[in-house]
Amino acid sequence: MTPLAAVSVAAATGQLPRTFGAPKMLGKPLVAAGALAMAAGELAGDKWKGAPDRIVVAGLLGRLVGGGIAAMSVARRDQRWLAAALGAGAAIASSYPTFHARMRAMGRWSQLRTGLVEDTLIVGAAILLVRAASRQAATAGTS
């Protein structure tokens with residue numbers, strides 16, 4: 001949910017060029033607020049001992065859709081479907097190794113600590129992705 005929230009907030013605040021492949025509704029303030037709330041809920045819920053694993057079907061479907069939409073949103077319109085496929089594929093492919101890495105890390109550190117490290121990495125990556133897309137659009141004159 002974090003990458004989807006990042007691109008939605010960027011679209012709603014005008015930081016994501018309209019010429020990119022983001023669906024128009026993603027830039028609506030209410031949608032951005034909802035995406036942000038879902039991302040915050042996911043980040044908080046991940047620290048709960050009863051949280052489902054990211055590799056359950058529902059988690060994988062969420063990653064598939066969120067990764068695809070987030071990737072298409074930071075791609076040029078003529079490349080949005082390729083970006084969506086690559087983003088969705090990367091989201092699914094990364095689910096398993098990151099799940100296993102986190103499980104190993106939790107053997108040494110707590111669920112909270114490993115979750116906070118993971119959250120820092122994903123939030124930072126999402127911010128960098130949106131900033132890079134905005135810079136690329138600005139240099140190409142597409143904003």
Measure across [X] and [Y] and return the closest heavy-atom pair with its distance rounded to 0.1 Å.
X	Y	answer
Ala126	Ala6	CB-CB, 3.8 Å
Val130	Ala10	CG1-CB, 3.3 Å
Ala5	Ala35	CB-O, 3.5 Å
Ala71	Ala83	CB-O, 3.1 Å

Indicate if [X] and [Y] have the same hydrophobic cluster label, given that clusters are the connected sets of ILVMFWY residues with side-chain heavy-atom separations under 4.5 angstrom.
X	Y	result
Met103	Trp48	no
Leu86	Ile69	no
Val74	Val123	no
Ile122	Leu128	no
Leu43	Leu36	no

Test item: Ser8 side-chain N/O and Leu4 main-chain N/O as donor-acceptor pair under 3.5 Å |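 Checked: no pair found.
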Is there a donor-acceptor contact under 3.5 Å from the side chain of Ser95 to the main chain of Ala91?
->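 Yes, because the side chain of Ser95 sits within donor-acceptor range (under 3.5 Å) of the backbone of Ala91.
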Only one of Val117, Asp53, Asp46 passes side chain to side chain contact (heavy atoms under 4.5 Å, CB included) with Arg102; say which it is.
->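 When side chain to side chain contact (heavy atoms under 4.5 Å, CB included) is applied between Arg102 and each of Val117, Asp53, Asp46, only Asp46 qualifies.
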Given side chains that start at C-beta, do those of [X] and [Y] come closer than 4.5 Å, heavy atoms only?
X	Y	value
Leu60	Val56	no
Trp81	Met72	yes
Pro23	Ser73	yes

Inter-residue atom distance [X].[atom1] - [Y].[atom2], 0.5 Å rounding:
X	Y	atom1	atom2	answer
Thr98	Ile55	OG1	CD1	9.0 Å
Thr114	Asp119	OG1	CG	9.0 Å
Arg54	Ile92	CZ	CD1	12.0 Å
Glu42	Met1	CD	CE	6.0 Å

Could you walk me through whether Lys47 and Glu118 pass salt bridge (Lys or Arg N to Asp or Glu O under 4.0 Å), step by step?
-> CA-CA 11 Å; Lys47 312 315 172 283; Glu118 193 173 60; over 6 Å; no
